[in-house]
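The structure appears below as structure tokens.
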Number of protein chains: 2
Amino acid sequence: MSGWLKIVGLGPGSEKWLTPEASEILHNATDIVGYETYVKSLPETVTAKLHASDNGVEVERSEFAMELAEKGAKVAVVSGGDAGIFGMAAAIFEAIEKGKNEWCELNIEVVPAVSAMLAAAARIGAPLGHDFCVVSLSTYLKPWSIIEKRLRAASEGDMVLAIYNPASKQRREDLLSALKLLEELRGGGTIAIIATDVGRKQEKITVTTIAELDPELVTMHSLLIIGSSHTRLIERDGKQPFVYTPRFYQDS
Amino acid sequence: MSGWLKIVGLGPGSEKWLTPEASEILHNATDIVGYETYVKSLPETVTAKLHASDNGVEVERSEFAMELAEKGAKVAVVSGGDAGIFGMAAAIFEAIEKGKNEWCELNIEVVPAVSAMLAAAARIGAPLGHDFCVVSLSTYLKPWSIIEKRLRAASEGDMVLAIYNPASKQRREDLLSALKLLEELRGGGTIAIIATDVGRKQEKITVTTIAELDPELVTMHSLLIIGSSHTRLIERDGKQPFVYTPRFYQDS
């Protein structure tokens, strides 16, 4: 068996964030497996056989990729952003644990990348410059009771929040419930950032507050960053403000 | 004024994780400012004037960099990993807020990168595959009471923990206190990972439990990942196990 399986983060949107390691793997792979949006966005110089699939079939996609690698293919499973952050990496390991015993002896590697939250944070300054929590708002993945518990815990610890999967076309209620809860826990004046399609042509960054956040601006390609009590805003003439969370924590 | 200041994450250790964007900026800069370890690790093709400084002088370094940019230099301020995660980005914005009014009108940009925690997680599987918290253990930056509160909050929410700055040569007590507290909160059998010098020749990854974690293995170049109650280990014959946290949260 000379096959391998590498789970490759492409970074968020732009080829300027694709690491040399990821690029080399994409160009050496015989087969590339992933959600169609990401498979379609690969560099044009990639010659591997492409296997695009729909959103929501991560388990089937993982099993398919493992079967290919087992047969000797050099398989890159691609994810947007970093594959380890709400991406394909966990799905692959779920498949390995439930699948054939031989699968875990295959040559398997995760290739790190710039994650969406890091790119979003960079666009606005350094909102994640101090302790923070990363929470997915998807009730597809866990019950609302767990999400609520985690939003409460993050707020109890006064940590900045990076929120993945805030909403989809159909799923809007989770976002409204989360905003209501966070307003109660952190105050409506707390800084909130909506970062949509980061690294893509249609990128849009909105700096607002929890109380004034317009849920209509939030899409399935958005990520939210909610400040701690220490997160600060620097106004600029005619430009988007900077937002950052100081390195030092002082009650003042 | 044609100067600019870009705060550039170099990724953790290896040039294979340096993004094309970061590489381009390093090659276009007239001046590069940073902690000497990072300034020394730059690609050999970089021709900018190098300004290396010691650890712990982030404020002075930031002011120096802003002064250079104000005079028209093209300045890259470099950080290991991602500059927005306990790196130079927050330090620069602190300097801007305290410094001259003109500074916030300069051309300033943060350039995202692969962060140390993403690279460490990738080496072992997908431990950050579900909700998690990122906490610095440095009592240089905040009082122990705040750290304790956040470790408790993260545990209350059953979130995986990525711990930055777990110890230095002198500062060892914070680590021992944190391990004791986390053992009490999460149980001694909880999966713990020590990732040291990730991406460098001397990289060392240890998979253990909170109770069995050897503090002597933790250096100032280490990062810890502490599992949630759902984090799982996949044993492999003669190889390091995989560790991952499933995407789905089910009480079972």
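Side chains included, hydrogens not; waters and symmetry mates left out as well; all remaining heavy atoms used. Naming convention: chains lettered A, B, ... in sequence-line order (proteins, then strands); numbering from 1 in each chain.
Looking at Glu24(B), there are no atoms closer than 4.5 Å to chain A (heavy atoms on both sides), in backbone or side chain. At a 4.5 Å heavy-atom cutoff, the contact between Phe93(A) and chain B is made by backbone and side-chain atoms alike. The part of Arg232(A) that comes within reach of chain B is its side chain, from C-beta onward, which places non-hydrogen atoms under 4.5 angstrom from that chain. Heavy-atom distances place both the backbone and the side chain of Ala91(B) under 4.5 Å from chain A. For Asp158(A), the parts lying under 4.5 angstrom from a heavy atom of chain B are both the backbone and the side chain. With a 4.5 Å cut-off on non-hydrogen atoms, Met117(A) touches chain B through its side chain but not through its backbone. Contact of Asp237(A) with chain B is made through backbone and side chain together, with heavy-atom distances under 4.5 Å. Using a 4.5 Å cut-off between heavy atoms, Ile234(A) contacts chain B through its side chain alone, with no backbone atom that close. No part of Ile92(A) comes within reach of chain B, as not one of its non-hydrogen atoms sits under 4.5 angstrom from that chain. Within the 4.5 angstrom heavy-atom criterion, atoms from both the backbone and the side chain of Phe132(B) approach chain A. With a 4.5 angstrom heavy-atom cutoff, Ser136(B) touches chain A via backbone and side-chain atoms both. Proximity to chain B is absent for every atom of Ala121(A), based on heavy atoms less than 4.5 angstrom apart. Residue contact with chain B, scored on non-hydrogen atoms closer than 4.5 Å, involves the backbone of Glu235(A) exclusively.
Classified by interplanar angle (parallel below 30°, tilted 30° to 60°, perpendicular above 60°), the ring pair Phe248(B)/Tyr140(A) is perpendicular.
Counting only heavy atoms from C-beta outward, the side chains of Ile85(A) and Leu118(B) approach each other to under 4.5 Å. Proximity of Ile108(B) to Lys239(A): side-chain heavy atoms (C-beta onward) are nowhere separated by under 4.5 Å. Counting heavy atoms from C-beta outward, His130(B) and Lys142(A) have side chains that approach closer than 4.5 Å. The closest side-chain heavy-atom distance from Asp131(B) to Phe86(A) is below 4.5 Å.
Ranked by heavy-atom pairs shorter than 4.5 Å toward chain B, the options Glu15(A), Arg123(A), Lys149(A) are led by Lys149(A). Among Gly84(A), Ser14(A), Pro143(A), the residue with the largest count of heavy-atom pairs under 4.5 Å with chain B is Gly84(A). Among Ala126(B), Ala122(B), Pro12(B), Pro246(B), the residue making the largest number of heavy-atom pairs under 4.5 Å with chain A is Ala122(B). For chain A, the option among Leu141(B), Thr19(B), Thr245(B) with the highest count of heavy-atom pairs below 4.5 Å is Leu141(B). Listed options Cys104(B), Gly157(B), Pro112(B), Pro241(B) were ranked by heavy-atom pairs under 4.5 angstrom with chain A; first place goes to Pro112(B). Ranked by heavy-atom pairs shorter than 4.5 Å toward chain A, the options Cys133(B), Ser138(B), Ala162(B) are led by Cys133(B). When each of Val135(A), Leu151(A), Leu161(A), Ile96(A) is scored by its heavy-atom pairs under 4.5 Å with chain B, the top score falls to Val135(A). Interface remark: of the candidates Ala90(A), Gly11(A), Gly238(A), Ser115(A), Ala90(A) forms the most heavy-atom pairs closer than 4.5 Å to chain B. Of the listed residues (Ala119(B), Ala113(B), Ala89(B)), the one with the most heavy-atom contacts under 4.5 Å to chain A is Ala113(B). For the set Ser23(B), Gly125(B), Ala154(B), the count of heavy-atom pairs under 4.5 angstrom toward chain A peaks at Gly125(B).
Summarising the geometry of Ile146(A) relative to Tyr249(B), their closest heavy-atom pair is CD1-CE2, 3.3 Å, with the distance given to 0.1 Å.
Using a 4.0 Å cut-off between a side-chain N of Lys or Arg and a carboxylate O of Asp or Glu, Arg247(A) and Glu58(B) qualify as a salt bridge. Salt bridge Glu105(A)/Arg236(B): absent, no basic N to carboxylate O contact under 4.0 Å.
More than 12 heavy atoms of other residues, nucleotides or ligands lie within 6.0 Å of NZ in Lys100(B), so this atom counts as buried by the packing criterion.
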Practice task
Check step by step if side-chain contact (heavy atoms from CB on, under 4.5 Å) holds for Val134(B) and Met159(A).
Solution key: CA-CA 9 Å; Val134(B) 185; Met159(A) 289 182 270; over 6 Å; no
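Rounding to the nearest 0.5 angstrom, the gap separating the CD atom in Glu156(A) from the CZ atom in Arg152(B) is 11.0 Å.
Residues Glu94(A) and Tyr244(B) bring no donor and acceptor atom of their side chains to less than 3.5 Å of each other.
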